[in-house]
Amino acid sequence: MLIGAQPLASGPLAVALGDAYEPVNVVRGQSFNARVRLLIDGEDFTDRVTGELDVDREEGAAAAAGFVLLMPEEPINPEDWKGRAVTLDYISRDRYGVVTEVRLFTGALKLPALDLTWNLLACECSDRLQQRVEAMAIDEIDALTGGVWSSDLFEPTTGRSHWEYAQERMESRAASLDCATDGSLRVTAWRAASTPHFVFGLGTTLHESVQLDPSDLDEVTNRLEIEAAYRFPRLWQHVQGFGWSHPEYGSTGISGFCQWRAWTSELPTTEMITDAINGAGLTLIGGVGGFKLPLNMADPCGDGQPWQNSFDNLWLSATATGARRWVQQVTENYKLLLTAAGGEDEATQVIARDSGSVAIESSQADEWESNRPVAGLPAATDLTDEARRTDALRTLIHGGAVQLLSAHRGTTLSWQTPTDLALGVDLVHTLRLEDRAMAQGKCRRIQHRIDIAAGTAITTISVAISRGGGEGDALTTPARPDTSLPPITGSPILSTQLGGRLNNPITGASIPPYDDSRLGFSGNWTVADDLTAEQFPRRFEVEAVEIPEIYRDEMTGEVTAHYRVAIPNDLLEL
């Protein structure tokens with residue numbers, strides 16, 4: 001089978017299969033004998049067509065077709081015609097007898113309207129692109145469209161339009177979702193191929209049909225400024241250790257006890273230490289450790305003196321660990337700039353702006369402060385979701401690049417040619433015009449108009465012309481800013497104050513007055529040296545380390561990134 005003068009296997013239909021191809025050169029001076037074939041639910045209605053048939057196919061939109069049928073005298077119900085399958089083929093025979101048969105439309109009857117006066121049924125048809133995508137499952141749409149998508153930037157897919165979801169997916173692709181003439185769904189890239197699929201040479205366009213529809217300068221965005229925020233909770237658990245020993249507990253274990261036994265004094269209890277930890281706003285972790293005052297022993301110090309003690313909660317040396325928790329909010333701000341040629345020069349900028357945000361919410365963060373601290377956890381735990389951060393930023397960046405690419409392909413060049421010369425031309429193809437203009441671009445729209453009575457078939461072809469140029473950068477996801485903080489350090493020293501005597505029985509030095517501000521243990525010597533000596537209160541007190549505000553207030557970090565977007569430069573000479 002031939003298309004023009006090219007074998008079918010070497011033309012654009014082979015390109016659709018990914019094979020190498022040679023351009024199809026469309027030339028003038030050919031004659032054809034053509035007809036159409038219209039099937040409705042498989043039944044041939046060609047002989048009932050009157051007036052004109054038209055087909056309109058545009059990238060990213062549902063294809064439409066229209067025709068009028070002369071109906072028989074018997075009654076019909078137009079409602080019964082809705083949804084009937086429709087195919088329209090164009091059959092052309094050249095002067096050499098070679099027949100080319102091409103499908104122009106596959107779809108369904110959408111809106112039949114009956115003219116009772118002339119008994120004519122006007123039919124509007126559609127390839128039902130939106131409805132077919134709506135019927136697809138989400139994973140099927142993902143496989144078809146590709147692209148990137150963020151659940152934080154768009155509404156959840158549950159209970160909403162699958163067609164809208166597919167369009168959101170396509171926002172990150174420099175491509176269009178539509179149907180082929182046989183009705184199959186496809187995604188077609190915008191970029192024109194370096195080698196055209198069809199070349200329309202001299203004399204292939206109808207007189208005065210070449211038209212240029214340029215884009216408006218104000219619509220050619222060359223600078224897109226995006227502000228994105230990524231917010232998440234940081235869980236803090238600060239663990240503070242405390243240690244205290246009686247000043248006369250010089251050694252450890254029984255040796256230290258024997259040293260203390262020479263001049264005994266009051267000691268802190270387990271309850272006093274626990275209450276002190278809790279009173280400082282901390283939660284005790286793991287209980288109190290250290291060395292307790294021994295219970296009854298026959299001769300603990302080897303001096304023949306028995307030891308009697310029935311209290312098991314007195315400490316000569318004690319260690320304890322307290323912890324507290326709080327939640328800090330962290331916000332990473334991303335300032336993303338995408339520019340095409342001219343977007344960095346203030347005099348030529350056409351600016352657009354976009355924004356997006358991701359907020360990580362977690363029940364763990366909600367319950368963090370009320371739950372009991374656990375030993376062994378890191379000081380800070382970030383409840384991040386890297387997949388969500390990456391998806392959102394990639395969606396904004398790739399969508400922004402597509403926005404710039406789309407803005408720069410707003411110019412449209414169109415021309416009319418006999419349908420017989422345009423057979424095989426599809427929205428997937430790159431077309432070159434060398435008649436009244438020199439241009440090359442990707443096909444944007446195809447409109448067929450076939451007049452049965454006049455015996456004419458005219459096709460209007462439109463191509464998108466992209467202009468811009470410049471160099472491009474890889475659309476990489478920016479790294480996270482550093483919002484970390486150094487560990488919180490330090491712990492107050494716990495001392496000992498013992499009263500009930502004027503002089504220290506060990507050193508002989510005068511005992512200073514009681515100091516309420518000193519942390520640690522306060523009590524009294526067991527044996528007084530003077531009845532007038534000051535009695536100290538028996539208490540144990542600790543203090544939590546002060547947490548600086550930077551650890552509690554919202555922490556912010558910022559990243560800036562600049563992406564240059566290369567715009568294809570399609571041929572256009574008038």
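What you see below is based on every heavy atom in this structure, not just the backbone, and it leaves out hydrogens, waters and symmetry mates.
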**Message:** Can you tell me how far apart CZ (R103) and OH (Y90) are? Round to the nearest 0.5 Å.
**Reply:** 15.5 Å

**Request:** With sequence neighbours excluded, give me every side chain to side chain donor-acceptor pair (under 3.5 Å) pair touching residues 123-136.
**Result:** E134-S161

**Asked** Any side-chain heavy atom of D426 sitting closer than 4.5 Å to one from R57?
**Response** yes

**Request:** Would you give the length of the straight line joining atom CD1 of I40 to atom CH2 of W81, rounded to the nearest 0.5 angstrom?
**Result:** 5.0 Å

**Fill in**
Contacts of Y230 meeting ring-ring contact (aromatic ring centres under 6.0 Å, His included) (sequence neighbours excluded), chain-then-number -> F232

**Pairing residues for D47 by the side chain to side chain contact (heavy atoms under 4.5 Å, CB included) criterion, not counting sequence neighbours** = none

**Request:** State which residue, out of Q167, H162, R169, fulfils the side-chain hydrogen bond (donor to acceptor under 3.5 Å, both in side chains) condition with Y165.
**Result:** R169

**Item:** R389/D152 ion pair, N-O < 4.0 Å
**Value:** no

**Prompt:** Quick one: do R186 and D178 make a salt bridge, cutoff under 4.0 Å?
**Reply:** yes

Solution key, residues 560-569 side-chain donor-acceptor pairs under 3.5 Å, sequence neighbours excluded:
| from | atom 1 | to | atom 2 | distance (Å) |
| --- | --- | --- | --- | --- |
| H562 | NE2 | T339 | OG1 | 2.8 |
| Y563 | OH | T476 | O | 2.7 |
| R564 | NE | D473 | OD1 | 3.3 |
| R564 | NE | D473 | OD2 | 3.2 |
| R564 | NH2 | D473 | OD1 | 2.9 |
| N569 | OD1 | G468 | N | 2.8 |

**Item:** Pairs meeting criterion side chain to side chain donor-acceptor pair (under 3.5 Å) with involvement of residues 216-225, two or more places apart
**Value:** R223-E225, E225-R353

**Request:** Would you check if T157 and W149 make a side-chain contact, meaning some heavy-atom pair closer than 4.5 Å?
**Result:** yes

**Message:** For Y334, give me all partners under ring-ring contact (aromatic ring centres under 6.0 Å, His included), at least two apart in sequence or on another chain.
**Reply:** none

**Asked** Do the charged groups of D213 and R444 touch, with an N to O distance under 4.0 Å?
**Response** no

